[in-house]
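Below: one structure, written as structure tokens.
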Amino acid sequence: MSVQQYDGIGEAFEGFKGLPLTRYGEVPSFLGLVGDVSGKSVLDLACGTGFYSREFKRRGATDVLGVDISVEMVGAAREIEQRDPLGVRYEVGDVAELRPLEQRFDIALGVQCLNYAEDIAAMKRMCRNIHQNLVPGGEFFVLAQNPDYRFDNPSLDKYGFLCEPAGEEIETGPRVRVTALLDPQPITIVSSAPRREVYEDCLSATGFSAVEWVPLQVSEAGIREFGEDFWADLLSYPPLEMLRCRA
């Protein structure tokens, strides 16, 4: 499902990071969740065009490997690396089929990653593969659709996105259609919103512990830019949620 969608996007995916929800909500929240990466190795799964791979390399990670199922996304990430070399490596790979890598990493990132599992067995394979590529005690950080998001909530369009039900339920949860309102051409992606217990059960079944859900926040820069009232709907009905756990 995901690879065909993303192959058609390429470097246009970078535009997502400029939309209000992403720029002032997702990015500062996720960077704050992961925290200090100085001297640590980072495995960025479903890395897309490498936004977080680059960001954590700039923040002091010693070694960063980005993996994505989309050839076009990895190609775009490599082109950005060529233009602005940071020493980030990228490779094409399916997290559900990820091999044991040449090293184990201190940190793994899964931004919009596990929610592409087609069923519970696939999510367990993904989690197991991530676990085997982390050092003992390594941390795994996830960002995905909020499992409790209701589609009759106020529209997210002022934050740069639409989030709608796709009209199908799979084993992990409902399909979700997310549209980034980019100019001049919006981009729509279909994924799923796995239930909270699906995440927790798959992670614990594959050796992860200390699973902690963490809510999305809005940065001080976002409040200065738009004011507190602008963000009230987003904070009352957040479309995204994060979690952390330990290998």
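For clarity, every value in this text was computed on a predicted model and none was experimentally measured.
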(Q) Can you confirm whether K158 is buried at NZ, in the sense that more than 12 heavy atoms of other residues, nucleotides or ligands lie under 6.0 Å from that atom? (A) yes
Q.
Any heavy-atom pair between the side chains of F226 and P20 that's under 4.5 Å?
A. yes
**Q.** Cluster link W213 to M123, ILVMFWY, side chain under 4.5 Å
**A.** yes
(Q) Evaluate C113 against V142 for side-chain contact (heavy atoms from CB on, under 4.5 Å), listing each step before the verdict. (A) CA-CA 8 Å; C113 175; V142 175; over 6 Å; no
Q. What heavy-atom pair brings E169 and R195 nearest, and what distance separates the two atoms?
A. OE2-NH1, 4.1 Å
Q) Of the non-hydrogen atoms in L31 and E55, which two are nearest, and what is the gap between them? A) CD2-CG, 3.7 Å
Q: Check the surroundings of atom OH in Y237: do more than 12 heavy atoms from other residues, nucleotides or ligands lie under 6.0 Å from it?
A: no
Q. With distance as the sole test, does R59 use its side chain to make a donor-acceptor pair with the main-chain N or O of G35 at under 3.5 Å?
A. no
Q: For side-chain contact (heavy atoms from CB on, under 4.5 Å), just list the numbers for K17 and E26, CA-CA rounded to whole Å, side-chain angles, deciding distance to a tenth of an Å, and then say yes or no.
A: CA-CA 9 Å; K17 302 307 183 195; E26 175 203 312; 3.0 Å; yes
Q) Using 4.0 Å as the upper bound for N to carboxylate O, is an ion pair formed by D63 and R89? A) yes
Q) Got a sec: does the CD of E197 have more than 12 other heavy atoms crowding it under 6.0 Å? A) yes
Q) Counting N and O atoms only, with roles assigned by atom type, does the side chain of W231 sit under 3.5 Å from a partner on the main chain of G222, one being a donor and the other an acceptor? A) yes
**Q.** Residues E200, R196: salt bridge by 4.0 Å N-O rule
**A.** no
(Q) Rounded at 0.5 Å granularity, tell me how far SG in C47 sits from CD in E91. (A) 9.5 Å
Q.
Working to the nearest 0.5 angstrom, can you tell me the gap between L114 CG and Y199 OH?
A. 6.0 Å
Q | Candidate pair I189 and Y116, rule side-chain contact (heavy atoms from CB on, under 4.5 Å), full reasoning | A | CA-CA 11 Å; I189 295 170; Y116 284 102; 3.1 Å; yes
Q | For the student: nearest non-hydrogen atoms of F105 and S41, plus distance | A | CA-OG, 3.3 Å
Q: Verify the neighbour count for atom CD of E228: are there more than 12 heavy atoms of other residues, nucleotides or ligands below 6.0 Å?
A: no
Q: Please confirm whether the backbone N or O of A193 pairs with a side-chain atom of N115, one donor and one acceptor, at under 3.5 Å?
A: no
(Q) If we ignore hydrogens and angles and just use 3.5 Å, is the side chain of R246 paired with the main-chain N or O of S209 as donor and acceptor? (A) no
Q. Any idea which heavy atoms bring L234 and Y159 closest together, and the distance?
A. N-OH, 3.2 Å
Q: State plainly whether the residues R78 and E81 are in salt-bridge range, i.e. N to O under 4.0 Å.
A: no
Q. If you measure from CZ on R125 to CG on L98, what distance do you get to the nearest 0.5 Å?
A. 12.5 Å
Q | Test item: I120 and C202 side chains (from C-beta on) under 4.5 Å apart, heavy atoms | A | yes
(Q) With a 4.5 Å cut-off on side-chain heavy atoms, are F16 and I187 touching? (A) yes
(Q) Do F30 and L109 have side chains that approach each other closer than 4.5 Å (heavy atoms only, starting at C-beta)? (A) yes
Q: Report the distance from atom OG1 of T62 to atom CZ of F56, rounding to the nearest 0.5 Å.
A: 13.5 Å
Q. CZ/F140 to CG/L203 distance, rounded to the nearest 0.5 angstrom?
A. 6.5 Å
Q.
Looking at every non-hydrogen atom in both residues, tell me the closest pair between L43 and V67 and how far apart they are.
A. CD1-CG2, 4.1 Å
Q. Closest approach of T179 and P186, non-hydrogen atoms and distance?
A. CG2-CB, 3.9 Å
Q. In terms of hydrophobic clusters joined by side-chain contacts under 4.5 Å, are I69 and V95 together?
A. no
(Q) For V74, is there any backbone N or O sitting under 3.5 Å from a side-chain donor or acceptor partner on D68? (A) no
Q. Any side-chain heavy atom of R104 sitting closer than 4.5 Å to one from L134?
A. no
Q. Side-chain heavy atoms under 4.5 angstrom apart, residues restricted to Ile, Leu, Val, Met, Phe, Trp, Tyr: same cluster for V214 and Y52?
A. yes
**Q.** Donor-acceptor contact present, side-chain E168 to main-chain R175, <3.5 Å
**A.** no
Q) Hey, does L181 have a side-chain heavy atom less than 4.5 Å from the side chain of L19? A) no
Q: For the residue pair F51 and V27, establish whether any side-chain heavy-atom pair is separated by less than 4.5 Å.
A: yes
Q. Under 3.5 Å, side chain of D84 to main-chain N/O of I80, donor-acceptor pair present?
A. no
Q | Single-linkage hydrophobic cluster I130~I107, side-chain heavy atoms < 4.5 angstrom | A | no
Q) So, the side chain of D44 versus the backbone of S53: is there a donor-acceptor pair under 3.5 Å, distance only? A) yes
**Q.** Single-linkage hydrophobic cluster L216~V211, side-chain heavy atoms < 4.5 angstrom
**A.** no
Q: Check whether any side-chain N or O of D119 sits under 3.5 Å from a backbone N or O of E171 as a donor-acceptor pair, and report yes or no.
A: no
Q. Mind checking whether Y149 and F151 have parallel, tilted or perpendicular rings, split at 30° and 60°?
A. perpendicular
**Q.** Residue pair Q145 / Q112, side-chain heavy-atom distance below 4.5 Å
**A.** yes
Q.
Taking CZ in R23 as the centre, count heavy atoms belonging to other residues, nucleotides or ligands within less than 6.0 Å. Is the count above 12?
A. no
Q: Decide whether S38 and D36 meet the rule of one side-chain donor and one side-chain acceptor closer than 3.5 Å.
A: yes
Q. How far does NE2 of H131 sit from CZ of F208, to the nearest 0.5 angstrom?
A. 5.5 Å
